[in-house]
Amino acid sequence: YSEARGNRVFGHLSQNGVGIDASGGAAIDNEVFGNHDGIVSRGAGLIQGNRVYGNEAHGIKADAYNSPASAVIRENFVYGNSTGIWVARDYYTGRNTSQVLNNVVYANRDRGIYLGAGVDGVPVTNNTVYQPVGDAIRIEAGAQEILLTNNLLWVGTGYAITVAADSQQGFQSDYNGFYNLGGPQAFIGRWGNADRGALADWRTVTGGDAHAFFGDPLFLDPDGADNVLGQQNRPEGDGRDDNFSLRKLSPAIDAANAYVSPRDPATGLPVDVEGQPRQDDPSIADRGIGWDFFSESDLGSSLFSAAGSARNYRTTDSFTQWD
């Protein structure tokens, strides 16, 4: 097991150049930019808390390269790449069951999150994807059993979700928030070969997102104080001040499913992209589920005494009264 933590990695621009290879290990709290691929994991690996931007191809790549992949990609800021987060396989027959959790993915050139060949049962949960042009989430090439939950998907021109005809098996989607700028080239989703411009149409064709909403999530300040969105190779700005927190009265507040939110391993409580506990807003009626958060506890031995006499109560189309 190896771990890369707290590094600044850049300048690997050859065709196969990788900033950090986290295969079988971990990449935590790094700044990774200006490479061909930013962070790559082949097989198992933890990719957490990194700032990954300005890479030529993929910001974060989980690749089932000739072997199963089960990377955990969580709590990263990923922006200004061609593809933000890529989960699939390049060659051979590896099965990819990686997890994409609690990331902020924005201003990538082609697509925010890509799920492709070999993907099977991947949860994409509690991510914010801000995509001025292109797809926020694209699913194709035979991916299956995809679960999209609690994501905020903001699109300028393009699709919030694209699901190819060969990738619809087992697809589930709910408690997501959708928003686009309108116009003839802005869509909620694409299902097979059909564009869906309205949330109601998307629900009808997919059978999902019954608890989703459409509305401006009211991000606090996406391009920050410098008015530069992400990293644009300009000397006067970068992405560190870009703020995707929610303003007061955002429709996204208390609108998710807390029971599937990523949790802190130590406390077991739902946490956000910065690892902070998620909070219920008492001033807003809950539109989601689970913010009162009931959880099971192991109390050890049974609290009920195994005493008394068994009673033979059996009946059909009737009842038995016991006083």
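On a predicted model such as this, the values are computed, not experimentally measured, just so you know.
Remark: side-chain polar atoms of N102 are not paired, donor with acceptor, to backbone N or O of E75 under 3.5 angstrom. With hydrogens and angles ignored, the 3.5 Å screen pairs no side-chain donor or acceptor of N150 with any backbone N or O of A258. Side chain of R111 to main chain of A136: no donor-acceptor pair is present (N/O by atom type, distance under 3.5 Å, no hydrogens or angles). A donor-acceptor pair under 3.5 Å links the side-chain atoms of D174 to the main chain of H211, judged by distance alone. Although no hydrogens or angles enter the test, the distance criterion places a donor-acceptor pair under 3.5 Å between the side chain of N151 and the main chain of N127. D195 places no side-chain N or O within donor-acceptor distance of the main-chain N or O of R190, the cut-off being under 3.5 Å. Here the side chain of R109 pairs a donor or acceptor atom with the backbone of E56 at under 3.5 angstrom. Looking at T157, its side chain never comes within 3.5 Å of a backbone N or O of A186 through a donor-acceptor pair. Not one N or O on the side chain of N81 forms a donor-acceptor pair closer than 3.5 Å with the backbone of A57. Judged purely by atom type and a 3.5 angstrom limit, D254 has no side-chain atom pairing as donor or acceptor with the backbone of D280.
Side-chain atoms of N16 and S14 include no donor-acceptor pair closer than 3.5 Å. Residues S82 and D110 have side chains that bring a donor and an acceptor to within less than 3.5 angstrom of each other. No donor-acceptor contact under 3.5 angstrom links the side chains of N243 and D221, judged on distance only. For the residue pair S173/D209, the side-chain donor-acceptor check at 3.5 Å is satisfied.
Ionic pairing of E31 and R240 is present here: one or more N-O contacts between side-chain nitrogen and carboxylate oxygen are shorter than 4.0 angstrom. D90 has a carboxylate O that lies under 4.0 Å from a charged side-chain N of K61, or vice versa, which qualifies the two as a salt bridge.
No side-chain heavy atom of D37 sits under 4.5 Å from any side-chain heavy atom of W86. Contact annotation: the side chain of V205 never approaches that of Q168 to less than 4.5 Å [non-hydrogen atoms, C-beta and beyond]. Between P222 and Y106 the shortest side-chain heavy-atom distance does not fall below 4.5 Å. Within the 4.5 Å cutoff, the side chain of R278 has heavy atoms near those of the N126 side chain. Contact check for T267 versus P277: no side-chain heavy atoms found under the 4.5 Å cut-off.
There is no path of hydrophobic side-chain contacts, each under 4.5 Å, that joins Y114 to L148. No chain of hydrophobic side-chain contacts below 4.5 Å, direct or via other Ile, Leu, Val, Met, Phe, Trp or Tyr residues, connects L46 to V87. Using a 4.5 Å cut-off between side-chain heavy atoms of Ile, Leu, Val, Met, Phe, Trp and Tyr, with links allowed through other members, I47 and V271 fall into different hydrophobic clusters. By the criterion of side-chain heavy atoms lying less than 4.5 angstrom apart, applied directly or through intervening Ile, Leu, Val, Met, Phe, Trp or Tyr residues, I161 is grouped together with I146 in one hydrophobic cluster. Linking Ile, Leu, Val, Met, Phe, Trp and Tyr whenever their side-chain heavy atoms come within less than 4.5 Å puts V105 and F244 in one cluster.
Shortest non-hydrogen contact noted between G230 and Y79 is CA-CD1, 3.6 Å. Considering every non-hydrogen atom in both A62 and S98, the closest pair reads CB-OG, 3.7 Å.
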>> Does I113 form a side-chain contact (heavy atoms from CB on, under 4.5 Å) with I137? I'd like the steps, not just the answer.
In response: CA-CA 5 Å; I113 298 173; I137 298 177; 4.2 Å; yes
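In this structure, CD1 on I253 lies 4.0 Å from CD1 on I284, to the nearest 0.5 angstrom. Once rounded to the nearest 0.5 Å, the distance linking OG1 of T162 with CD1 of I188 reads 11.5 Å. Rounded to the nearest 0.5 Å, atoms OH (Y53) and CG (D242) are 12.0 Å apart. Taking NE2 of H36 as the start and CG of L13 as the end, the distance is 9.5 Å to the nearest 0.5 Å.
Under the ring-ring contact (aromatic ring centres under 6.0 Å, His included) rule, F187 has a single partner from Y159, W202, Y179, F214, which is Y159.
The six-membered or imidazole ring of F171 lies near that of W191, with a centre-to-centre distance under 6.0 Å. Residues F213 and F178 place their aromatic rings such that the two centres sit no closer than 6.0 Å.
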